[in-house]
Amino acid sequence: MAEYTPPKVWTWDAESGGKFASINRPIAGATHDKERPVGKHPIQLYSLATPNGVKVTVLLEELLAAGHTGAEYDAWLINISDGDQFGSGFVEVNPNSKIPALMDHSDGAPQRVFESGSILLYLAEKFGAFMPTDPALKTEMMNWLFWQMGSAPYLGGGFGHFYAYAPEKFEYPINRFTMETKRQLDVMDRHLAENEYFAGDYSIADIAIWSWYGQLVLGRLYDAAEFLDVESYTNVMRWAKAIDARPAVLRGRMVNRPFGEPEMQLHERHDASDFETKTQDKIAKE
């Protein structure tokens with residue numbers, strides 16, 4: 001690796017970021033006018049089936065499966081490779097131009113909610129579900145939810161970027177972030193050795209963590225399962241497979257997904273019937 005001496009003042013003179021260079025820039029705000037679509041349901045989701053997006057669609061599908069009919073939603077695809085997140089309508093919902101973002105029209109003035117952890121908490125509190133009522137368990141659930149929020153950037157922006165997406169492979173950053181990713185998996189494995197889920201019953205903490213680390217150990221992120229020796233984390237694997245088997249999780253993975261197997265792609269979701277055929281095809285294939 002060639003040695004780099006940082007300038008006294010950094011200037012933006014070229015794209016940087018490998019595969020996702022086109023979406024990176026050092027300024028915020030909209031780049032173009034684009035009206036935000038609004039469907040028939042009070043909850044309007046604007047997202048993409050990345051791990052952060054999957055958190056929210058899994059929770060919404062779990063809420064519907066549990067009988068919370070008020071959780072019906074329209075899900076609109078925000079294709080970050082096309083710059084949809086920089087459209088004026090989306091920026092009104094999330095000034096940070098990141099998916100997912102949600103508008104709730106159910107109670108008076110529309111409420112915007114952005115950042116995946118905030119959306120999970122908002123929906124869990126709104127419907128009184130997938131969150132412990134016992135104060136001690138609720139605190140433990142919050143501990144793990146915020147553990148995910150703080151840890152995943154090292155997995156995604158650190159390990160995932162340098163291992164899978166950077167234009168060149170460099171030993172130092174790959175080793176640095178592999179070490180941290182394996183440390184995080186060990187944290188999880190030790191906790192799950194004595195717990196079925198992260199905080200009592202299945203909760204939004206499990207949904208948040210599974211969307212990143214469950215999919216990682218199941219071989220769906222960065223093609224890195226063998227490299228990370230994920231099978232050695234036996235408790236994480238048990239937990240990840242159990243959650244993966246939930247029908248609502250399968251449906252949640254499909255929503256706003258424009259990549260991968262065609263039968264797993266549901267670009268927009270406006271009604272449960274939208275993906276019944278795709279779900280049946282996926283189950284039949286497996």
Side-chain angles (χ1 to χ4, degrees), residues 1-4 6 15-26 47-56 58 80-81 85 96-100 115-117 120 143-193 198 204-241 243-244 249 252-253 256-260:
M1 182 186 301
E3 186 172 347
Y4 170 66
E15 286 189 346
S16 178
K19 180 178 178 180
F20 297 104
S22 64
I23 72 172
N24 296 326
R25 58 191 184 123
S47 193
L48 178 69
T50 64
N52 285 333
V54 165
K55 294 178 193 176
V56 178
V58 165
I80 62 174
S81 296
Q85 72 275 32
N96 196 40
S97 292
K98 302 290 184 181
I99 63 92
E115 292 297 324
S116 59
L120 293 184
N143 290 340
W144 286 107
L145 176 64
F146 282 95
W147 175 86
Q148 183 277 310
M149 300 298 291
S151 297
Y154 292 98
L155 169 59
F159 173 77
H161 175 75
F162 287 105
Y163 181 79
Y165 301 139
E168 297 179 70
K169 300 286 194 252
F170 293 115
E171 183 178 6
Y172 174 76
I174 290 175
N175 283 348
R176 168 68 181 86
F177 290 111
T178 298
M179 185 184 305
E180 174 60 13
T181 297
K182 289 182 71 66
R183 187 194 69 81
Q184 293 173 4
L185 289 170
D186 193 43
V187 169
M188 295 171 59
D189 203 61
R190 290 168 185 265
H191 181 73
L192 291 169
F198 275 92
I204 57 173
D206 295 285
I207 293 172
I209 298 169
W210 182 89
S211 298
W212 279 96
Y213 296 89
Q215 296 203 91
L216 175 72
V217 300
L218 292 171
R220 296 178 188 146
L221 293 185
Y222 315 128
D223 194 23
E226 181 179 8
F227 179 75
L228 294 170
D229 189 23
V230 297
E231 293 290 344
S232 66
Y233 303 99
T234 55
N235 303 303
V236 176
M237 293 299 300
R238 181 268 307 162
W239 164 86
K241 290 176 181 178
I243 293 176
D244 195 52
V249 173
R253 287 179 53 220
N256 296 146
R257 183 183 177 92
F259 49 82

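Being a predicted model, the structure only gives us computed values, none of them experimental.
Contacts of Phe259 classified as ring pair (Phe, Tyr, Trp, His ring centres under 6.0 Å), with partners at least two apart in sequence or in another chain: none. With sequence neighbours excluded, the residues satisfying salt bridge (Lys or Arg N to Asp or Glu O under 4.0 Å) with Arg190 are Asp186. The side-chain contact (heavy atoms from CB on, under 4.5 Å) check on Pro100 picks up Leu45, Ser47, Asn52, Val56, Ser116, Ile119, with sequence neighbours excluded.
Atom CG of Asp229 is surrounded by more than 12 heavy atoms from other residues, nucleotides or ligands within 6.0 Å.
Between the side chain of Gln215 and the backbone N or O of Pro51 there is no donor-acceptor pair closer than 3.5 Å. Looking only at distances, no side-chain donor or acceptor of Lys55 sits under 3.5 Å from a matching main-chain atom of Gly117. Checked by atom type and distance alone, the side chain of Thr181 never pairs as donor or acceptor with a backbone atom of Leu155 at under 3.5 Å. With hydrogens and angles ignored, the 3.5 Å screen pairs no side-chain donor or acceptor of Asn256 with any backbone N or O of Ala49.
In this structure, Tyr222 and Phe159 have perpendicular ring planes: the angle between them is above 60°, well past the 30° mark.
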Would Thr178 and Lys182 satisfy side chain to side chain contact (heavy atoms under 4.5 Å, CB included), going step by step from the backbone distance to the final call? CA-CA 6 Å; Thr178 298; Lys182 289 182 71 66; 4.1 Å; yes

Could you check Met188 against Trp239 for side chain to side chain contact (heavy atoms under 4.5 Å, CB included), going step by step and ending with a plain yes or no? CA-CA 10 Å; Met188 295 171 59; Trp239 164 86; 3.8 Å; yes

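Among all heavy-atom pairs drawn from Gly53 and Ile99, the shortest one is N-CD1, 3.9 Å. Closest non-hydrogen pair, Asp189 versus Val236, comes out as OD1-N, 3.0 Å. Taking each heavy atom of Gly219 and Ala225 in turn, the nearest pair found is CA-CB, 4.1 Å. In terms of heavy-atom proximity, Val58 sits nearest to Ile207 at CG1-CG2, 3.9 Å. Considering all non-hydrogen atoms of both residues, Pro153 and Gln148 come closest at CD-O, 4.4 Å. Minimum heavy-atom separation, Gly156 to Trp212: CA-CZ3, 3.8 Å.
Looking at Leu192 and Tyr233, their side chains never come closer than 4.5 Å, going by heavy atoms from C-beta outward. Here the side chains of Val187 and His191 are not in contact, with every heavy-atom distance at 4.5 Å or above. Annotation: side chain of Leu218 is in contact with side chain of Trp210 (closest heavy-atom distance under 4.5 Å).
Here Lys169 contributes atom NZ and Phe162 contributes atom CZ; the two are 11.0 Å apart, rounded to the nearest 0.5 Å. One distance of note links CG of Leu145 with CG of Leu120; it measures 6.5 Å at 0.5 Å rounding. Taken from CE in Met149 to CD in Glu115, the straight-line distance is 6.0 Å, to the nearest 0.5 Å.
Residues Tyr213 and Trp144 place their aromatic rings such that the two centres sit no closer than 6.0 Å.
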